There are 2 protein chains.
Amino acid sequence: MAGESTKGEQTRQLIVDTAVRLFGEQGYDKTTMRAIAAAAGVSVGNAYYYFPSKGHLVQAFYTTVQDAHADACRQALQAPGTFVDRLRAAMLTGVDVMVPYHDFAGSFFKTAAEPGSPLSPFSADSAPARERSVRMFRSVVDGATTKIDPELRAELPELLWLAQMGVTLYWVHDTSPGQAKTRLLVERAVPLIDRLAGMSRFRVFKPVMREILSLYRLLR
Amino acid sequence: MAGESTKGEQTRQLIVDTAVRLFGEQGYDKTTMRAIAAAAGVSVGNAYYYFPSKGHLVQAFYTTVQDAHADACRQALQAPGTFVDRLRAAMLTGVDVMVPYHDFAGSFFKTAAEPGSPLSPFSADSAPARERSVRMFRSVVDGATTKIDPELRAELPELLWLAQMGVTLYWVHDTSPGQAKTRLLVERAVPLIDRLAGMSRFRVFKPVMREILSLYRLLR
DNA sequence: CGCCCTTCTTGAACGTGTTCAACTACGACC
DNA sequence: GGTCGTAGTTGAACACGTTCAAGAAGGGCG
C-alpha cells in the first residue's frame, strides 16, 4: 500500500500532505499554489511537475475523507440489520465525516461541478473512488434483511450512490448550524427510500419502477 | 419598461450587449473582461463600475434565454390539455431554447453552482427569475385536465421547477450530439411524473406523497 | 573518470479577474 | 460665470493559476 520511496515519490507526498493541511486550515481559494509550494519548501513549478492543476491536489483530500467514511461504516455494517438502519448509518456517517470540511467543500465545489473536470464525481478519473463508494452501498444492500425486488436490488447500490451525491449537493448549500438540515434530510429521506423500495414489489408499482430503472440505465 | 437614458444607463447597456454577444460567440472563459471592454470601447475599470464581477454580466444572458422560453411556451400552453402534453411542451421548449448555449453553459456552470454565488438559481438575487419560472409551471399545472391530488397540485409548480433544474444539470453534462439524451430524459420522465402524480390519489401512495411534500417544505 | 540520458527542480513570465487612486465631465446652485 | 459635488471613466497595479525554457542531480556504462 505504501508507495515507493524514490526521490520523486517523496516530493510528491510532501506536496500532497502540505496541500491537504493548508486546504483544511484556510480553505481552497485562500490556499494559493505559491503558499503550498513555499510551505513544502519547493518551487511552484515543481508542484506542477507532479500535479497538472490545483484541483488535482484535492483528489488526495477526497481519498482521505473516503477512507474515514469507510472506517466509520465498517463497524456499523458488520452485523446484518434492516435496510433502514444500514442505510441511515452509511449516510449519517458520511455527513459526520464531511462536517469539518464544509467550508472547504463550499469553495471547492465549483471546480468539481464543472462538466469537463476530472474531479467531477461522474468523470473517468473519479471512477475508482466512485466504484469504491458503490461497493460500500452494495454491502449496505447485501446485508439488509428487508425484502426488496431483485431487479431493484441489483441496481440499488448505484442509485444510493446517486442519492448520496444529491445529499452532498444539498449539504454543500446547507448553511444551517452544523448542517442540521442535511441531517434532517437523511433522517427522513432514508425511511422514505425504504418504503419505496418495499412498495417496489406491489403490482401497481412494479411497472413504474421498471420504467425508472430502464430509463436510468439508458441515460447514465 | 425601457430604461432611463442617462449617460450611465447607456454605457451599462452597451457593456451588457457587448458581453452577451461575445459570450455567445466565444463562450464564457474565452471572453475576457479586457475583450468585452475593448469591444464596447470602454476601459476595464468602467465595466467593473457597473458590474461587480464577470459572472454578473451573465444575468442578462439568463433573462434573454428565459424570455425566449416564455415566448415559446405561451403558444403551446394557450389551450388546455393533458398534464403530460403540457409538461412535455414546457420542458422540451426549455431544452430547445438552451441548445445554442450548451458550450457557454458548460463553461459558466461552475460559477453558477458555487454555493454563495448570487448567480446560483437558489440565491436571493435569482428570486425574480425563479418565481417567474415557477409561475410558468403553475400555468402548466393549472391548465391541465388530469386529476391530481389537491395538496400535490399546490406544491407541484415548485417541484417541477426543481425537476427542470435537475434536467438542466443533466443537460450541462450531456455530451451526446444535440443533447439527444436530455431529450430522451424529458420524453420518458414526463410520463413517469404524470403516472406518479396520478398515483398520488391512491390510498397506499397518499401517505408517502404527504411525507415527501412535508419534507420538501421543511428543507427548502 | 567522462559521458549521456532520464528524472527532477527552478523561477521568471504570461494572461486572467479584480481593485483603486486619480482624473474628467457635467449639472446644480450661488 | 464660477464653484462644488456627484457620476462616470481611466489604466496601471495586484494576486492568482499556469507554462516553459533552462538548468541541476543522479545513476548507469565504457
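Within every chain, numbering begins at 1; the chains are lettered A, B, ... in the order of the sequence lines, protein sequences first and strands thereafter. This one's a predicted model, so the numbers in the text were calculated from it and none came from an experiment.
Nucleotide D:dG8 holds its C1' atom 7 Å from the NZ atom of B:K7, rounded to whole Å. A:Y49 places its OH atom 16 Å from the P atom of D:dA25, with the value rounded to the nearest Å. The OH-P distance, from B:Y48 to C:dA21, rounds to 17 Å in whole Å. Rounded to whole Å, atom P of C:dG17 lies 8 Å from atom CD1 of B:I36. Regarding B:F51, its CZ atom lies at a distance of 13 Å from the P atom of C:dT18, rounded to whole Å. Taking atom OH of A:Y50 as the reference point, atom P of D:dG17 lies 20 Å away to the nearest angstrom. For the pair A:E9 CD and C:dT6 P, the interatomic distance rounds to 20 Å; values are reported in whole Å. One atom, CZ of A:R34, and another, C1' of C:dT10, lie 14 Å apart when rounded to the nearest Å.
Toward the 5′ end of DNA chain C lies the nearest nucleotide of A:A47, the other residue of the pair B:K54 and A:A47 mapping further downstream.
Within the nucleic acid shown, A:G8 comes within 4.0 Å of sugar-phosphate atoms alone, with no base atom in reach, counting heavy atoms only. Among the heavy atoms of the strands lying under 4.0 Å from B:T31 are primed sugar atoms or P, OP1, OP2 only; no base atom is included. Nucleic acid contact class of B:V42 (heavy atoms, under 4.0 Å, all strands): sugar-phosphate only.
For B:T11, a side-chain nitrogen or oxygen approaches OP1 or OP2 of D:dT9 to under 4.0 Å. Contact annotation: B:N46 reaches the phosphate of D:dT10 (side-chain N/O to OP1 or OP2, under 4.0 Å).
Using cut-offs of 30° and 60° for the angle between ring planes, the A:F104 and A:F108 rings count as parallel.
Checking A:S120 against A:S117 by side-chain atom types alone, no donor-acceptor pair falls below 3.5 Å. Counted by atom type alone, B:D174 and B:S176 present one or more donor-acceptor pairs between their side chains at under 3.5 Å.
For B:S43, the side-chain atoms get nearest to D:dT9 when compared with the rest of D:dG8, D:dT9, C:dG17.
Other residues, nucleotides and ligands contribute only 12 or fewer heavy atoms inside 6.0 Å of the CD atom of B:Q75.
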**Message:** Does B:E25 form a salt bridge (Lys or Arg N to Asp or Glu O under 4.0 Å) with B:R21? I'd like the steps, not just the answer.
**Reply:** CA-CA 6 Å; B:E25 286 173 12; B:R21 179 169 59 84; 3.5 Å; yes
